[in-house]
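Have a look at the structure below before the remarks.
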Protein chains: 2
Amino acid sequence: MPRNSPSDARRGRRAAQEGARPSVQDVAKLAGVAVGTVSNVLNNPDRVTEFTRRKVEAAIAELGFVRNFAARTLVAGTTNTVGLVLVDIGNSLFVDIARGAEAATAASGLKLLLANSDVDQAKQDAYLELFDQAQTAGLLLAPLDGPLDAARAIARRGRPIVVVNAPAADPDMCCVAVDEQLGGYLAAHHLIAQGARRLAFVGGPLHLHAIRDRLDGARQAATEASLDLTVIETHALNVRDGRTAGGNLLRQSRRVDGIVCASDPLAVGVINAAAERGVGVPDDLVVVGYDNNHLASESLIPISTIAQPGLRMGEVATQLLLEETQNDPDHRHQTVVLEPHLIARRSSQRRRPTTNRLRTP
Amino acid sequence: MPRNSPSDARRGRRAAQEGARPSVQDVAKLAGVAVGTVSNVLNNPDRVTEFTRRKVEAAIAELGFVRNFAARTLVAGTTNTVGLVLVDIGNSLFVDIARGAEAATAASGLKLLLANSDVDQAKQDAYLELFDQAQTAGLLLAPLDGPLDAARAIARRGRPIVVVNAPAADPDMCCVAVDEQLGGYLAAHHLIAQGARRLAFVGGPLHLHAIRDRLDGARQAATEASLDLTVIETHALNVRDGRTAGGNLLRQSRRVDGIVCASDPLAVGVINAAAERGVGVPDDLVVVGYDNNHLASESLIPISTIAQPGLRMGEVATQLLLEETQNDPDHRHQTVVLEPHLIARRSSQRRRPTTNRLRTP
DNA sequence: CTGTTAGCGCATTCAA
DNA sequence: TTGAATGCGCTAACAG
């Protein structure tokens with residue numbers, strides 16, 4: 001009969017290999033205990049004598065032992081990790097969402113892993129699949145404006161997934177949305193309250209749900225005040241397009257005096273165009289942006305904007321996800337709609353607010 | 001003797017459980033083949049008959065089978081995933097690094113997972129450990145200005161790790177650094193070339209390596225031109241501190257005419273302070289920022305800045321990581337130092353560049 | 001409180 | 001080409 005068990009032989013072989021990472025077996029052998037004991041030191045320290053624990057910990061330190069996450073996951077069937085797929089890591093709204101999610105997951109002892117889909121549907125789907133395969137406790141998705149089939153498939157397979165900044169409510173999963181229409185309404189309404197009477201909306205492309213909703217809201221506010229709304233559709237939401245649109249608007253004879261922009265960079269561009277033409281902001285023209293990006297507050301003329309509650313979006317989404325994780329039998333998918341709010345800064349605040357009364361001759 | 005093998009019994013039990021995710025065994029049974037064949041369809045499609053492959057694929061689709069990443073990882077001992085731990089996901093430099101790393105990993109068929117340490121050493125170490133435990137192919141770290149012990153420990157255990165935006169070269173791992181001193185030099189030199197003679201440096205806290213290096217570079221340029229350099233140490237790198245520092249500088253009798261700022265937000269603050277006091281930028285005062293954040297180009301007065309090659313940093317770091325992954329026996333840890341460059345915009349460009357010659361009476 | 005062992009799901013042998 | 005068996009490293013259950 002062989003003196004050494006097969007197991008011992010394997011250990012010996014592994015020990016011979018230089019680069020091999022130590023396993024619980026190696027730790028157990030060095031500490032002179034059984035593997036179960038090592039596992040207990042790691043997972044149920046209470047069940048182990050102080051003395052034994054010390055011995056094991058010393059062995060762990062000496063060997064530089066690191067648990068194998070894959071093996072743990074395989075046994076447990078799940079992980080304490082949440083995956084978040086972001087459509088654009090360069091946009092501060094999504095960064096805020098990530099921060100909110102981080103805070104909420106950390107509070108529950110979970111780790112948050114991020115992936116950037118970079119406005120690429122294929123990448124988005126690939127990362128969703130990766131997180132699904134990796135047995136994450138759940139998934140968060142800040143999607144691009146496209147089909148959510150991959151997310152739905154994951155949801156149907158039983159892995160909790162929450163869509164944050166959702167384009168629309170979805171029966172297959174929980175969503176966190178923001179009332180974009182309200183945002184557009186607030187922006188236009190604010191400009192009207194500041195005395196603007198010749199309104200314009202700058203933003204695009206209009207096939208994006210969010211942009212169109214903002215436009216609809218702005219239009220509603222204009223209609224309520226019996227005002228027209230000139231619409232300039234832009235190609236993108238950046239500074240350059242804002243400058244172009246602003247230039248076009250301000251060149252017209254019947255000059256607008258209030259512009260709702262669908263993003264803060266657009267507002268910057270519009271304000272730059274105004275400055276070039278000697279149109280004073282906010283005295284001759286009031287402007288409001290959207291998203292409360294960093295540059296809105298840091299411009300020379302601080303820009304009024306519609307702030308999305310990014311942090312709360314991340315927190316709420318995580319909250320919904322955790323509820324779903326807890327496998328509550330009567331969990332119903334729901335869509336939480338959060339409200340944006342106006343942050344009034346210089347770009348829309350006349351020194352002496354012009355009201356209707358003052359403007360009548 | 002029991003008619004069913006234990007394995008079959010287990011399958012049956014699992015099939016009964018509603019939520020259970022299908023395994024290769026389930027797929028094999030449904031397709032009427034062995035598990036090895038399913039595995040081959042997944043990993044070596046060439047070794048399988050077209051007909052068999054179709055059958056298996058149909059079964060996979062019908063069951064909604066998804067591979068278990070943990071099991072695959074356990075067998076393979078590694079993953080095709082790279083982890084990147086970022087110190088601040090809200091800073092566009094690190095976002096650029098992430099983009100560069102994404103591009104480079106994707107080009108090699110690898111997935112990039114992100115984690116945000118949020119300038120928190122404990123979080124940074126925790127995420128490093130998570131990625132290490134998760135058997136990632138390698139790790140990238142954009143660290144906070146603190147000890148790199150955790151990273152070094154991982155490197156010594158044999159897991160490839162590369163530090164991006166490294167504070168200093170390190171014998172234990174590959175690093176990608178940027179010549180901060182050169183950046184400071186370029187900034188100051190540029191202002192001097194624009195005619196500035198009374199220079200100041202605004203930035204802090206100075207215990208941060210990067211900031212101090214930038215100051216040293218600026219000082220060198222000033223010294224070479226036999227000029228003084230006033231230093232205002234700020235608490236942080238934000239707009240408010242820039243405004244305060246700018247106000248203090250511009251209130252003094254011997255007013256500065258050129259300011260090197262250690263960040264773009266600081267430059268915005270300085271420019272705002274100048275505007276408040278009627279000091280014209282760039283005519284009376286030239287200003288340069290640092291980092292080429294989005295707001296630098298999008299300000300009303302576009303801000304000259306020192307651009308860090310974020311994308312390239314991410315790419316180069318990934319490149320180094322991949323080299324190390326390939327286990328080249330004569331791989332030597334190296335530190336690649338990249339060079340920042342000046343982007344001259346309005347804030348430092350006088351309409352008629354003032355040269356020494358023109359200034360002499 | 002400790003030691004032994006089965007098995008998580010997959011990939012990869014090796015035989016047929 | 002296909003099918004059955006082994007083990008990756010760990011946890012948990014159970015016997016001592």
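On a predicted model such as this, the values are computed, not experimentally measured, just so you know. Residue numbers start from 1 in every chain, and the chains themselves are labelled A, B, ... in the order their sequence lines are given, proteins ahead of strands.
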*asked:* Whole angstroms only, please: what is the CG-C1' distance between B:D46 and D:dT2?
replied: 16 Å
*Quick check: does any side chain N or O of B:Q121 sit under 3.5 Å from a backbone N or O of B:G146, one acting as donor and the other as acceptor?*
no
*Starting from P on C:dG7, measure out to CG on B:N68 and report it in whole angstrom.*
18 Å
*Interatomic distance, B:F65 CZ vs C:dC10 P [rounded to whole Å]*: 4 Å
*Counting distance only, does the side-chain N/O of A:D120 pair as donor-acceptor with the main-chain N or O of A:A122 below 3.5 Å?*
yes
_Would you call the rings of A:H333 and A:H331 parallel, tilted or perpendicular, taking 30° and 60° as the class edges?_
perpendicular
*Mapping B:A70 and A:A34 onto DNA chain C by nearest heavy atom, which one lands closer to the 5' end?*
A:A34
*CG/A:L113 to OH/B:Y127 distance, rounded to the nearest 0.5 angstrom?*
7.0 Å
*Rounded to the nearest 0.5 Å, how far apart are CE of B:M173 and CD1 of B:I154?*
9.5 Å
_Whole angstroms only, please: what is the CD-P distance between B:E50 and D:dT1?_
13 Å
_Bend angle of the helix from C:dC1-D:dG16 to C:dA16-D:dT1, from helix axes over five pairs at each end, nearest 10°_ = 40°
*Please report, rounded to the nearest Å, how far the P atom of D:dG9 is from the CG atom of A:D26.*
9 Å
_Please report the distance, rounded to the nearest Å, between CZ in B:R53 and C1' in D:dT2._
16 Å
_d(CZ, A:F69; C1', C:dC8) in whole Å_ = 15 Å
*Will you find, in the side chains of A:Q319 and A:E315, an N or O donor that is under 3.5 Å from an N or O acceptor?*
no
_Approximate separation, where rounding is to 0.5 Å, of A:K123 NZ and A:D118 CG_ = 4.5 Å
*Candidate pair B:T37 and B:N40, rule side-chain hydrogen bond (donor to acceptor under 3.5 Å, both in side chains), full reasoning*: CA-CA 5 Å; B:T37 307; B:N40 274 333; 5.7 Å; no
*Assess the side chains of A:R72 and A:N80: does a donor N or O sit below 3.5 Å from an acceptor N or O?*
no
_Measuring from the side chain of A:T37 (C-beta onward, heavy atoms only), which nucleotide among C:dG9, D:dT2, C:dG3 has the closest atom?_
C:dG3
*asked:* If you compare every side-chain N and O of A:T49 against the phosphate oxygens of C:dT2 (OP1, OP2), does one of them come in below 4.0 Å?
replied: yes
*Would you give a per-nucleotide map of nucleotides 11-16 of chain D, 5' to 3', where B means the base has a protein non-hydrogen atom under 4.0 Å away, S means only the sugar-phosphate does, and - means neither?*
BB----
*asked:* Just the rounded figure in Å: distance from P of C:dG9 to CD of A:Q135.
replied: 9 Å
*With a non-hydrogen cut-off below 4.0 angstrom, is A:T52 in contact with a base, only sugar-phosphate, or nothing?*
sugar-phosphate
